[in-house]
Amino acid sequence: MPQRLAVYFSPLVLHHPTGAGVFEAPASSLLELAEAHPENAERISNMRSVLLKGPIADQLDWAEAPVASAEQMLRFHDAAYLDSLRAIPDGESVRLTETTVLGPGSWQAMTAAAGQAIAAVRHAWQPDGKLAYALVRPPGHHAQPAMADGYCFLNNIGIALEDARARGLRRAAVIDWDVHHGNGTQEGYYRDPDVLTISLHMDHGSWGANHPQSGAPEEAGEADGLGHNLNIALACGSGDASYRAAFDRLVAPVVEEFAPELIIVACGQDANQFDPNGRNCVTMAGFHELGDRARQLATRCCRGRLALIQEGGYALSYAALCLHATLAGVLGEELGISDPLAFLPDPTDGIDARIDDLARRWRLAASR
Ligand SMILES: [Zn+2]
């Protein structure tokens with residue numbers, strides 16, 4: 001019997017206008033044309049299209065979940081922060097950071113995104129283990145309990161995870177392979193011994209007042225959470241071979257040792273080789289391997305309970321194809337679509353030495 005994957009999607013997530021400018025920054029009078037903000041509805045429409053029309057379409061069960069409730073959001077976020085978001089008049093376009101924009105409809109879109117994530121985690125977290133994915137925007141992994149950052153307002157994974165914990169989940173692992181550091185999720189669980197947070201990202205460091213975390217392996221958690229945050233800061237240019245090595249040599253053994261009851265993947269595709277917002281070089285084949293490895297890991301350590309929540313991915317065509325590749329891997333199916341852009345070399349120099357160094361620094365920090 002082919003595996004099935006529940007896909008949660010609400011059309012409300014398309015109504016979150018982020019405007020246009022110099023990429024993610026405000027428009028410049030020097031340039032004739034403003035380009036769409038990279039985090040736009042079109043990217044999600046393309047992803048939805050490839051899932052509806054592609055080779056795994058028959059294995060997907062689509063559903064729409066309700067928006068997240070205030071009670072659900074309050075389990076991860078501070079009340080004053082939620083109030084400040086809610087207080088923004090719905091007709092206004094506002095920049096919470098230089099790059100983090102919201103406008104008319106955005107509050108509904110955010111709460112719908114969190115609601116789809118909640119439903120995906122609830123679906124995955126069943127005794128016999130299910131596969132689920134939430135196709136959502138705005139993304140969530142940079143949103144901290146009391147701060148927006150990097151296109152993110154509500155931490156969809158944090159809200160979904162807290163909903164599951166309120167219903168009895170005790171231990172969970174979050175694997176974040178979006179190309180950027182999952183600083184919001186890290187912040188939410190930094191002192192928590194029951195949630196293992198792992199982020200694979202390009203080594204971009206801190207990027208401003210709303211992103212003070214460095215993403216380095218020395219950020220290993222604090223207090224009871226020490227040793228339960230793992231940052232795998234990959235060299236810029238890392239491709240399929242680097243991600244494979246990082247997953248097999250660090251992610252999988254650390255997750256297995258932690259023994260979670262559920263795995264959640266922060267599933268961004270902006271580590272793809274054509275992403276305008278990343279400097280890593282993962283191909284469709286690489287995402288297919290990541291999806292396959294995530295399912296195998298969930299099968300080994302938590303009865304196959306695996307939920308994937310959409311994060312970044314900004315190459316309008318290729319990110320959608322990489323999403324297909326990921327989910328085909330999750331389902332244990334062949335890639336099924338030939339990669340139209342597989343022509344760049346995969347850098348392989350120094351991978352093992354880098355992983356050895358990251359592991360050594362993390363273990364040192366975790367044993368303080
Ligand atoms: Zn990202």
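Indexing begins at 1, ligand by ligand and atom by atom, following the structure's order.
Inclusion of His142 in the first shell of the Zn ion (ligand 1) is not supported: no N, O or S atom falls under 2.8 Å. One of the N, O or S atoms belonging to Asp270 lies under 2.8 Å away from the Zn ion (ligand 1).
Take the N/O/S atoms of His180: the one nearest the Zn ion (ligand 1) is ND1. The Zn ion (ligand 1) lies closest to atom OD1 when only the N/O/S atoms of Asp178 are considered.
Annotation for Ala41 and Arg137: closest pair N-CZ, 3.5 Å, computed over non-hydrogen atoms.
Rounding to the nearest 0.5 Å gives a distance of 8.0 Å between SG of Cys152 and CG of Asp178.
Formation of a donor-acceptor pair under 3.5 Å by the Arg305 side chain with backbone atoms of Ile263 is not found in this model.
The number of heavy atoms from other shown groups lying within 6.0 Å of CG (Asp349) does not exceed 12.
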